[in-house]
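Report on the structure given below.
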Amino acid sequence: MSESFIPRDARGVIDTRTERLWLHPDGYVIAEVKPGLVADLDDAIVNVEAVATLAAGKPRPLLLDMRAHASSATRECREYYAGSEAQRVNLAAAMLVRSNVSRVIGNFFLGLNKTRFPFRLFADVDEAIAWLRSFITKDPSAPSDQT
């Protein structure tokens, strides 16, 4: 079982039937998939809305942690996650899997459900987070760091 990214005392955590979601201070949403469940279309709709709520109207990168267990989803659920509603809230998505073998298998299935936003599978947490952070742009209205 993986260690949770979401601190026990975190505020603003949203628990759905299939995921636990939280906005990281660095600006990306973390979704930890709950074990032993098959996600359906209704779950996908609720989870995308949870991301939208956490993102407060601004598309953000998503870190989807599936390392703790094998999980599955219906075809309709996968299609919804790959479609325009998910694109509305996700700048990019990184899925964490247990191993490089899981990553290869995941990439095969990902080919069947092309997303409308960048999506990659990772076995390494640091690589996934670095990739997601590359999608977070600095607010142009914020003060410049240059002097």
Side-chain angles (χ1 to χ4, degrees), residues 1-140:
M1 173 106 71
S2 63
E3 182 178 324
S4 177
F5 285 101
I6 303 171
R8 292 186 194 275
D9 62 348
R11 294 192 176 139
V13 174
I14 298 175
D15 276 302
T16 70
R17 188 182 80 84
T18 58
E19 294 181 4
R20 187 160 205 241
L21 303 101
W22 178 64
L23 180 62
H24 190 278
D26 287 349
Y28 56 90
V29 173
I30 299 168
E32 294 176 347
V33 177
K34 295 178 182 177
L37 300 171
V38 176
D40 61 22
L41 177 59
D42 290 337
D43 294 313
I45 292 167
V46 168
N47 292 336
V48 168
E49 281 309 307
V51 172
T53 298
L54 292 168
K58 177 181 177 183
R60 296 184 185 269
L62 173 68
L63 179 63
L64 181 60
D65 188 357
M66 296 190 62
R67 296 173 298 161
H69 49 81
S71 181
S72 63
T74 65
R75 179 178 49 82
E76 294 84 9
C77 177
R78 291 190 310 269
E79 288 171 355
Y80 189 85
Y81 280 140
S84 61
E85 288 301 311
Q87 179 184 25
R88 177 177 59 87
V89 299
N90 296 323
L91 282 177
M95 181 185 288
L96 285 175
V97 294
R98 289 186 200 169
S99 66
N100 284 325
V101 172
S102 298
R103 187 171 144 186
V104 170
I105 294 167
N107 277 324
F108 170 76
F109 288 106
L110 183 60
L112 301 175
N113 293 289
K114 298 272 187 211
T115 61
R116 296 176 181 218
F117 48 88
F119 189 106
R120 286 185 54 192
L121 284 94
F122 294 87
D124 183 89
V125 175
D126 294 332
E127 287 179 20
I129 292 171
W131 183 73
L132 287 177
R133 284 182 175 150
S134 73
F135 291 92
I136 299 173
T137 58
K138 188 171 183 176
D139 182 352

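Computed from a predicted structure; not experimentally measured.
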Taking all heavy atoms of [X] and all of [Y], pick out the closest pair and write down the distance.
| X | Y | answer |
| --- | --- | --- |
| E127 | D124 | N-OD2, 2.7 Å |
| L96 | V125 | CD2-CA, 3.8 Å |
| L41 | C77 | N-CB, 4.0 Å |
| R116 | G83 | CD-C, 3.7 Å |
| P118 | L91 | CD-O, 3.2 Å |

Nearest-0.5 Å distance, [atom1] of residue [X] to [atom2] of residue [Y]:
| X | Y | atom1 | atom2 | answer |
| --- | --- | --- | --- | --- |
| L121 | M66 | CG | CE | 9.0 Å |
| N90 | L62 | CG | CG | 5.0 Å |
| E19 | E32 | CD | CD | 10.0 Å |
| D65 | R20 | CG | CZ | 12.5 Å |
| W131 | L63 | CH2 | CG | 10.5 Å |

Can L37 and R17 be said to form a side-chain contact (heavy atoms from CB on, under 4.5 Å), step by step?
CA-CA 9 Å; L37 300 171; R17 188 182 80 84; 3.7 Å; yes

[X]: salt bridge (charged side-chain N to carboxylate O under 4.0 Å, His left out) partners, not counting sequence neighbours:
| X | result |
| --- | --- |
| R60 | none |
| D42 | none |
| E85 | R88 |

Suppose we screen for ring-ring contact (aromatic ring centres under 6.0 Å, His included). Which residues come up paired with F117, at least two apart in sequence or across chains?
none

Using residues 21-31 as the side-chain source, report each donor-acceptor pair under 3.5 Å to any protein atom, sequence neighbours left out, with the distance given to one decimal.
residue, atom, partner, partner atom, Å
H24, ND1, D26, N, 2.9
D26, OD2, R133, NE, 3.2
D26, OD2, R133, NH2, 2.3

Short question: side chain of R98, backbone of R67 - any donor-acceptor pair under 3.5 Å?
yes

Name all residues meeting the side-chain hydrogen bond (donor to acceptor under 3.5 Å, both in side chains) criterion together with T16; count only those two or more places apart in sequence or in a different chain, and write none if there are none.
N47

